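Single-structure report; data block below.
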Amino acid sequence: MRRFYAGRVSSHETNRARVVPLRPAAAPAPGGPVPAPGQAPREPLWRDVVGAVLRRERLAQDRTLKDVADAARISVPYLSELERGRKEASSEILAATAHALGFGLADLLALSHRELVRPARSTTARSTTARFGRTVGAARQGDVRLAA
């Protein structure tokens, strides 16, 4: 009677596990590595930008996570995860956190917009030149532009 061996059949097989990342690779730090020529820099995620704005504003006011979380009626760990870009917050949570910091949701959106536009300005002129054959200037705060 033959016995069936359920283990490895061949010693020539590779036993490597395939690793699938659960979140995208972090964007390089300012002053960090520059993308290769021809490769567009990665746009930051919305939750990372909003989290950075919330943390910067909280620290500028010398307030603790607990103080702001209590004022916004959210938990301290949740606020910490928001600031680190680990959670996608609802508009109600963002508004409550903004109000706890002394400004409104529109202000939070404006501050986040500035963060998003800053890295995009350097690549906007190149990409519009490549696509349309002309350079379109980056919008400055207070500019009004109309499109037909």
Side-chain angles (χ1 to χ4, degrees), residues 7-8 11-148:
R8 252 169 96 175
S11 62
H12 300 291
E13 292 179 38
T14 59
N15 193 15
R16 276 194 241 163
R18 193 176 110 184
V19 178
V20 179
L22 296 178
R23 35 182 320 182
V34 178
Q39 180 184 6
R42 296 182 90 163
E43 281 190 282
L45 296 175
W46 173 247
R47 65 177 181 244
D48 291 330
V49 173
V50 170
V53 168
L54 290 173
R55 175 170 281 171
R56 186 180 65 237
E57 294 299 318
R58 178 180 62 80
L59 293 175
Q61 296 176 15
D62 285 332
R63 294 178 65 186
T64 63
L65 278 169
K66 182 170 179 13
D67 178 38
V68 175
D70 288 346
R73 301 180 58 102
I74 60 176
S75 71
V76 174
Y78 189 74
L79 178 58
S80 174
E81 295 217 337
L82 284 179
E83 287 186 354
R84 290 183 290 137
R86 302 285 174 114
K87 295 285 184 185
E88 291 277 357
S90 67
S91 57
E92 290 87 1
I93 296 293
L94 291 176
T97 307
H99 288 288
L101 290 168
F103 52 89
L105 184 59
D107 299 319
L108 177 61
L109 295 175
L111 291 168
S112 300
H113 175 261
R114 287 187 197 130
E115 292 295 316
L116 284 170
V117 170
R118 188 175 301 143
R121 283 187 180 163
S122 62
T123 59
T124 302
R126 278 193 308 243
S127 62
T128 53
T129 301
R131 283 187 286 169
F132 303 114
R134 60 187 170 88
T135 302
V136 178
R140 293 181 304 273
Q141 184 176 357
D143 282 356
V144 177
R145 297 187 178 218
L146 301 175

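Along the sequence shown, residues are numbered consecutively beginning with 1. Note that the structure is predicted; figures quoted are calculated from it, not measured. Only heavy atoms go into these numbers, but all of them, side chains included; no hydrogens, no water, no symmetry mates.
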Next on the checklist: Evaluate Val68 against Leu101 for side chain to side chain contact (heavy atoms under 4.5 Å, CB included), listing each step before the verdict.
Outcome noted: CA-CA 7 Å; Val68 175; Leu101 290 168; 3.8 Å; yes
Any [X] side-chain heavy atom under 4.5 Å of [Y] side chain:
| X | Y | value |
| --- | --- | --- |
| Val117 | Arg114 | no |
| Leu94 | Leu105 | yes |
| Leu108 | Leu54 | yes |

Checklist entry - Would you say Ser80's side chain and Val76's backbone share a donor-acceptor pair under 3.5 angstrom? => result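 Side chain of Ser80 to backbone of Val76: no pair is present.
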Item to check | Arg58 (side chain) donor-acceptor with Arg63 (main chain) under 3.5 angstrom | outcome: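 A pair under 3.5 Å: yes.
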From [X] [atom1] over to [Y] [atom2], what is the distance, rounded to the nearest 0.5 angstrom?
| X | Y | atom1 | atom2 | value |
| --- | --- | --- | --- | --- |
| Thr97 | Ile74 | OG1 | CD1 | 4.0 Å |
| Leu111 | Leu116 | CG | CG | 11.5 Å |
| Trp46 | Leu109 | CH2 | CG | 5.0 Å |

Checklist entry - Among Glu83, Glu115, Gln61, which one satisfies side-chain hydrogen bond (donor to acceptor under 3.5 Å, both in side chains) with Arg56? => result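 Testing each of Glu83, Glu115, Gln61 against Arg56, the sole residue satisfying side-chain hydrogen bond (donor to acceptor under 3.5 Å, both in side chains) is Glu115.
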Do you know the tightest heavy-atom contact between [X] and [Y]?
| X | Y | answer |
| --- | --- | --- |
| Ala100 | Ala72 | CB-N, 3.8 Å |
| Tyr78 | Glu88 | OH-O, 3.9 Å |
| Thr64 | Asp67 | OG1-N, 3.0 Å |

